[in-house]
Every structure is written in C-alpha cells, then in structure tokens.
Amino acid sequence: MTVRQAGADDAVGGVRPRWVALPETVEEVAAVLRACAGQDLAVVPAGGGTKLHWAPPPERCDVLLDLCCMNEILEHAAGDLVVRTQAGVTMGALAGVLAGKGQELALDVPFAEHATVGGTLAAAPPGPRAFRYGGARDLLIGITVVLADGTIARSGGKVVKNVAGYDLGKLFTGSYGTLGVIAEATFRLHPLPPDRRWVVARLDRAETPRIAAALAASQAEPSAVEVDRPDPGGPITLAALVEGTAAEDRAGTLRELIGAGSVTRERPPWWGLIQRDEVLVEVRFPPSATGAVLDAAAEAGLPLRGSPASGRVLLESWQAVEEDELVAVVAGLRERAEAAGGRVNVLAAPYESVERWGDVSALPLMRRVKERFDPGRRMSPGRFVGGI
C-alpha cells in the first residue's frame, strides 16, 4: 500500500488532507481505518473524483482514501447474470468487460469513463433507465464495507460477516462516505438489448406533463422517458427509449401517442448528460407534479434535464451565479417544489450559505444510524444531511 503526502489537488471542497492512502485490498482499507481510529483522524473515501465536489465540504479531512488501485473485477458469473467488483473499477471499464459477454449493468452513469463503482454507489445518481431498472440501490445485491473502526462487514451475496439488523447495501448507497468505505460490490446484470430506438419530439411546456404520463403508462413499455430544456423559457425536447424485441414497432406506437417527432437509432446528444455541475440542483417529485416543477425551473432561470416519468430532474447553471442570487433561487425553487409534493437537494454549489437539503423528516433516524456506524464522526464528517 502507498501512503503519500497530500497536495493541493487532493483537496475535497477546499479542505486539504494531510495524507493520501492508496490501498489495494479490503484488508489494507481496514488497516488504514484502524490506524486512523487510533489517532482520531478523519477519512474521506474517493474514487475517480468526478463527484467529490458534490455535497458539502467535510468538516475535517486528515486522510484521503483513494481507492483507484482497487480496480479488479473479481468475479463475473455470466450464467447467473451477476458481477462482483472492487470499488475502484471505473464504470466504463466494467461496461466494456460485461459487453464482451453480451451483458450490462443497467445504470446510465454520468462521467462513466472515470466514475468508479464505489463513487457511483456513494453518490447514487440515477440515470434515465432508472425508470425501468431502478437505481444503484436496486441493482446492488451484495456489498463489502469497512467501518470506521476497521471492521470488515458484508451483506447480501456471499455473506461472511453482517451487521445485525441493517441492510448495508441500502444504507451505504447514497451515503456520501459518511458511514464507512465501500470496498466491493455485487450487482445483478441484464442482457444487452438486441435493439434500441429513441422517439424524439419537440413539445410545448403545456403538453409535456400529459404526454410524459401517457408514455410512462404505455403498453409499449419504454425504458426511459426524458426531457431536456436548455433554455428555461424555451421549448422542451422529449425523448423516450424503447429496448428489446420489436423496438421499431413499439417506438412507432409511442410516436403515434405523442402525435409528433421522429424515431431514431441514435441516442440524443444530451441523453443522460450532466453538462456543468459547479451548480447542480436535484428536484424529486411525484410525476403528477411535472407541470409545477417545469414552471418552477423556468422561474428559477435554470436549464433542466431529467425524467418526468421517474419524478427526478437536474437543474444546472451554465453561467456564473452570485451567492445571494443562488440562495434566493434555491429557496424559491424549494418552496414551489415542496408545495407540489416534491423536494429539492443541492448536489453541488460553490457557496456554503446555500441550504443543501431542506427539511428532512428522517433526520433523527439518520443521526442514530450515523452514531451506530461512526460514533467518532471520522468518516466524511459533515458531508451529508444535517451535518452528518
């Protein structure tokens, strides 16, 4: 295992660690965390770094635990549609290996060339096809984690040691490294679809909610229904993906339902893309609130992209925004979204004064879980809801 002095490029949200550790095995991760526990050192796990600026900066960071060297695909049981991999494997590399066997992990991950398995689980960004396949939490069937005291724990597939009463996979997915270190993961796979078609149409805002709802309920079974509006006051491009058998005919059925647009084999250039994420705002909402969310995003003046069928969109800022302006935009957006039954999470922002999470009813429970897994608050302290 390599341990080196940290440099300026190793900072997390402006917080510079003292050391960077690069373990190669689960046991080496455990050794690092045991040593840090003995010295009360705070640890921030890192993968490809593509989403390390998401979430607030850590309160302190003594050791950056870089998992880039844990980059082996440990087992691919193609006949069982299961893969087990170390956390540092990039999603692009994993996709390439699986495609060679005609299979895929059905996660449309942004920055796939550099994003790692561990980082994808820790941040858990759902892609377009989460509408059909679910997100990382749904496709994860086993996980190996290392807790703050160096304990190695496993749950799900091939259990060796578990933490009684806890589903580690569900807890650690989306936890931003605040409960421990994700070291290995086992996923359920799907066969690569033999054919794909996209139905793409330009729509007015007023007709988008109705059409998106009709597509989501269609017996043609789209895998994803996405919208893109780069100009907050402009028209909306809607795209629906159909995969598998009779894709051409099923896509034609969706096009007739829309009443406009074209059918293509080419994915839209914006599909699943995060273009700029210095400011990145996530809005989750019941699909019935699609119209209200589109209006709120337009009023906020932010480009919008995401899934009205799944009830999740991302808003970006493609130009510099002042601190006071961003605080006001987020507050207004949150008020509108919550009135429609949704919620707003600020995934990335350059200003600490921006309220990231809003009111979270489950916060007391989340604090108890944090206390159970990391009583010393050494794992990415302050990076998650309520300063957890």
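Note that the structure is a prediction, hence the values are computed from the model and not measured. These numbers come from the heavy atoms of this one structure, side chains and all, not from hydrogens, waters or symmetry mates.
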Inset, instruction - Would you indicate whether the side-chain heavy atoms of Arg305 and Leu314 approach each other to under 4.5 Å? - result: no
Legend entry - Approximate separation, where rounding is to 0.5 Å, of Ile211 CD1 and Leu203 CG: 4.5 Å
Legend entry - Side-chain donor/acceptor of Glu243 to backbone N/O of Ser223, under 3.5 Å: no
Legend entry - Residues, nucleotides or ligands: over 12 heavy atoms within 6.0 Å of Glu355 CD: yes
Legend entry - Single-linkage hydrophobic cluster Val360~Val344, side-chain heavy atoms < 4.5 angstrom: no
Legend entry - Stepwise salt bridge (Lys or Arg N to Asp or Glu O under 4.0 Å) check, Arg4 with Asp10: CA-CA 11 Å; Arg4 62 171 175 80; Asp10 300 308; 2.9 Å; yes
Inset, instruction - Kindly check if the number of other-residue, nucleotide or ligand heavy atoms within 6.0 Å of CD (Glu352) is above 12? - result: no
Legend entry - Side-chain (Thr290) to main-chain (Pro287) donor-acceptor, under 3.5 angstrom: yes
Inset, instruction - Decide if atom CD of Glu278 counts as having more than 12 heavy atoms of other residues, nucleotides or ligands within a radius under 6.0 Å. - result: no
Legend entry - Which atom of Pro230 lies closest to which atom of Pro232, heavy atoms considered: O-CD, 3.5 Å
Inset, instruction - Decide yes or no for Trp357 and Pro56: does some side-chain heavy atom of the first lie under 4.5 Å from some side-chain heavy atom of the second? - result: yes
Legend entry - Expected output: side-chain Gln103 to main-chain Ala78 donor-acceptor under 3.5 Å: yes
Inset, instruction - Looking only at non-hydrogen atoms, find the nearest pair between Pro17 and Ala11 and report the distance. - result: CD-CA, 4.0 Å
Inset, instruction - Side-chain contact test, heavy atoms from C-beta onward, threshold under 4.5 Å: evaluate it for Val83 versus Val97 and give yes or no. - result: no
Inset, instruction - For residues Pro45 and Met379, determine if any side-chain heavy atom of one lies less than 4.5 Å from a side-chain heavy atom of the other. - result: yes
Inset, instruction - Run the salt-bridge test on Arg312 and Glu282 with the 4.0 Å N-O cut-off and return the result as yes or no. - result: yes
Inset, instruction - Check whether any side-chain heavy atom of Val12 lies under 4.5 Å from a side-chain heavy atom of Arg383, and answer yes or no. - result: yes
Legend entry - CZ on Arg250 to OG1 on Thr245, rounded to 0.5 Å: 5.5 Å
Legend entry - Heavy-atom pair of closest approach, residues Leu147 and Leu33: O-CD1, 3.1 Å
Inset, instruction - Tell me whether Val109 is reachable from Trp270 by hopping between hydrophobic residues (I, L, V, M, F, W, Y) whose side-chain heavy atoms are closer than 4.5 Å. - result: no
Inset, instruction - Could you check if a side-chain atom of Met91 sits within less than 4.5 angstrom of a side-chain atom of Leu105, using non-hydrogen atoms only? - result: yes
Inset, instruction - Provide the closest heavy-atom pair for Asn71 versus Gln86 in the form atom of the first, atom of the second, distance. - result: N-OE1, 3.1 Å
Legend entry - Donor-acceptor pair, side chain of Thr144 and main chain of Arg154, under 3.5 angstrom: no
Legend entry - Atom CG of Asp231: over 12 foreign heavy atoms under 6.0 Å: yes
Inset, instruction - Verify side chain to side chain contact (heavy atoms under 4.5 Å, CB included) between Val330 and Arg334, making sure each step is shown before the conclusion. - result: CA-CA 6 Å; Val330 169; Arg334 181 168 283 134; 3.7 Å; yes
Inset, instruction - Report yes or no: do Val283 and Leu238 belong to one cluster of Ile/Leu/Val/Met/Phe/Trp/Tyr joined by side chain heavy-atom distances under 4.5 Å? - result: yes
Legend entry - Electrostatic pair Asp167-Arg137, nearest N-O below 4.0 angstrom: no
Legend entry - Gap between atom CD of Glu104 and atom CG of Leu94 - 0.5 Å precision: 10.5 Å
Inset, instruction - Check whether any side-chain heavy atom of Ser380 lies under 4.5 Å from a side-chain heavy atom of Tyr176, and answer yes or no. - result: no
Inset, instruction - For Pro268 and Val200, work out which heavy atoms get closest and say how close. - result: CG-CG2, 4.0 Å
Inset, instruction - Could you give me the CA-CA distance, side-chain angles and deciding distance for Arg343 and Asp359, then say whether salt bridge (Lys or Arg N to Asp or Glu O under 4.0 Å) is met? - result: CA-CA 9 Å; Arg343 66 170 294 104; Asp359 293 330; over 6 Å; no
Inset, instruction - Over all heavy atoms of both residues, which pair between Ala297 and Leu333 is shortest? Give the atoms and the distance, please. - result: N-CD1, 4.1 Å
Legend entry - Nearest-0.5 Å distance that lies between atom CG in Leu140 and atom CG in Leu121: 5.5 Å
Legend entry - Spacing of CD belonging to Glu299 relative to CZ belonging to Arg336, to within rounding of 0.5 Å: 4.5 Å
Legend entry - Donor-acceptor pair, side chain of Arg188 and main chain of Ile141, under 3.5 angstrom: no
Legend entry - Exceeds 12 heavy-atom contacts within 6.0 angstrom, atom NE2 of His114: no
Legend entry - Linked, directly or transitively: Val199 and Val225 (ILVMFWY side chains, under 4.5 Å): yes
Inset, instruction - Establish whether Trp54 and Leu315 are linked, either directly or via other cluster members, by ILVMFWY side-chain heavy-atom contacts under 4.5 Å. - result: no
Legend entry - Polar side-chain atom of Glu316 near backbone of Arg276 as donor-acceptor pair, under 3.5 Å: yes
Inset, instruction - Decide if atom CD of Glu113 counts as having more than 12 heavy atoms of other residues, nucleotides or ligands within a radius under 6.0 Å. - result: no
Legend entry - Side chain to side chain, Asp374 and Thr178, heavy atoms closer than 4.5 Å: no
Legend entry - Point-to-point distance, once rounded to the nearest 0.5 Å, from CZ of Arg265 to CZ of Arg196: 12.5 Å
